[in-house]
Novice: 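My questions all concern the structure below.
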Amino acid sequence: MDIILHVGAHRSGTTTFQQYLRSQFTALEAQSLGFWGPLRTRKSVFPGLFATPSIPKNARRAQGRVQIHLAHAQNAGVRKLLVSDENMIGTSRHCLRQSALYPAIGDRMARISAAFGGRVSRVVLTIRAQDLWWASAAAFTVARGHPIPSSQQRDQIAQSARTWRDVITDLACAVPDAALVVMPFEHGAGNPNLLLKAATGLDVPLGAQVPWLNRSPTARDLRGLLAEQGADISEIPDNPLRWQPFSQEQTTQLRENYADDLHWLIAGADGLATLTEDDTRKRAGTSQPAGHMTRGHRYNGGQGYMAHPG
């Protein structure tokens, strides 16, 4: 059985992609593709996998649980298993706390690779321009009651030497026998079928319009949410646009970092990863394409179903 991991990153259309997979249940099942989403992985498959060294028994049990689930899938006739859960590499909240992109990705993915018995054949990562990724992550976490990143945190993020290149390098080291595919969010936004093809090689038509799910709130919406929580809204502007907590200078630095990351990927990524792009688009965009602006709903809506009876 071919095991493929879609690990995010967060804020790059993961919920939309998982909803698309659920909507294509029949087509995926007909091609012997199984799907595990966050509801399944976080509740039934991965709990205990990231136990601390002081309680290794939980980690061993979690590894055994993963193998049991794999056996059930294989017995059900699944030839390709796509596991999509952005929390495999960490959380956006942890990134904000550490002022760095996925600092624990190496350890987490090494544990996941071991739990799958070293059978992972491909890992797919979606990256996004850092100025927009950090702004979206901040808006998402602040809307859920976490504090607004301080000026010191924002400066540390902008000045951090850790970029997507480091994330990809850590990921490649953690899962050395798997092919690593990287897709820029700007090339696949609104087209989850392109991500499915990059991950599995399967070409499933998009069909009906896929709504843009779990999008970050606008500045005005965020003000309203904070006001309901009794929080300070003075740092959030009252406008219908995307909230951008970083200064122009910080934004410029983050954009330069992303340009360097893309240049490295286009040049071959030191043989560690393959950059997959949508050749039908003439240029990259910075926002969702027209026709995909449907307001998102709250996570998660049953993303854990598999496209097979197992």
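Every value quoted in this text rests on a predicted model; they were computed, and no experiment measured them.
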Novice: Enter the distance from I168:CD1 to D261:CG here, rounded to the nearest 0.5 Å.
Specialist: 6.5 Å
Novice: Can you give me the closest heavy-atom contact between M88 and V7, atom names plus distance?
Specialist: CE-CG1, 3.7 Å
Novice: Can you tell which of T91, T15, N87 makes a side chain to side chain donor-acceptor pair (under 3.5 Å) with H10?
Specialist: N87
Novice: If I take atom CZ from residue R223 and atom CH2 from residue W243, how far apart are they, to the nearest 0.5 angstrom?
Specialist: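 Rounded to the nearest 0.5 Å, the CZ-CH2 separation comes out at 12.0 Å.
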Novice: Between S113 and A174, which heavy-atom pair has the shortest distance, and what is it?
Specialist: CB-O, 4.1 Å
Novice: Ion pair present between R215 and D221, side-chain N to carboxylate O less than 4.0 angstrom?
Specialist: no
Novice: Looking at every non-hydrogen atom in both residues, tell me the closest pair between R220 and P240 and how far apart they are.
Specialist: NH2-CD, 3.8 Å
Novice: With rounding to the nearest 0.5 Å, note down the distance linking CG in D131 to CD1 in I157.
Specialist: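 Interatomic distance, D131 CG to I157 CD1, rounded to 0.5 Å: 12.0 Å.
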Novice: Looking only at heavy atoms, what is the nearest atom pair of V78 and K80, with distance?
Specialist: CG1-O, 3.0 Å
Novice: Testing Q250, E249, E256 one by one against T252 for a side-chain contact (heavy atoms from CB on, under 4.5 Å), which residue passes?
Specialist: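 By the side-chain contact (heavy atoms from CB on, under 4.5 Å) criterion, T252 pairs with just one of Q250, E249, E256: E256.
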Novice: Let me confirm one number: the CZ-CD1 distance from R108 to I89, rounded to the nearest 0.5 Å.
Specialist: 9.0 Å
Novice: Would R42 count as a cation-pi partner of F46, with NZ or CZ less than 6.0 Å from the six-membered ring centre and within 45° of the ring normal?
Specialist: no
Novice: Is there side-chain contact between T200 and I4, with heavy atoms separated by less than 4.5 Å?
Specialist: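 Side-chain contact under 4.5 Å: yes.
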Novice: Salt bridge check, D270 against R165: does any charged N sit closer than 4.0 Å to a carboxylate O?
Specialist: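 The answer is yes: the pair qualifies as a salt bridge.
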Novice: Return the minimal non-hydrogen interatomic distance between A199 and R122, and the atom names on each side.
Specialist: O-CD, 3.3 Å
Novice: Can you give me the closest heavy-atom contact between C173 and P176, atom names plus distance?
Specialist: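 Minimum heavy-atom separation between C173 and P176: O-CD, 3.5 Å.
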Novice: Of S160, C95, P245, which meets side-chain contact (heavy atoms from CB on, under 4.5 Å) against W134?
Specialist: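 Answer to the side-chain contact (heavy atoms from CB on, under 4.5 Å) test with W134 among S160, C95, P245: C95.
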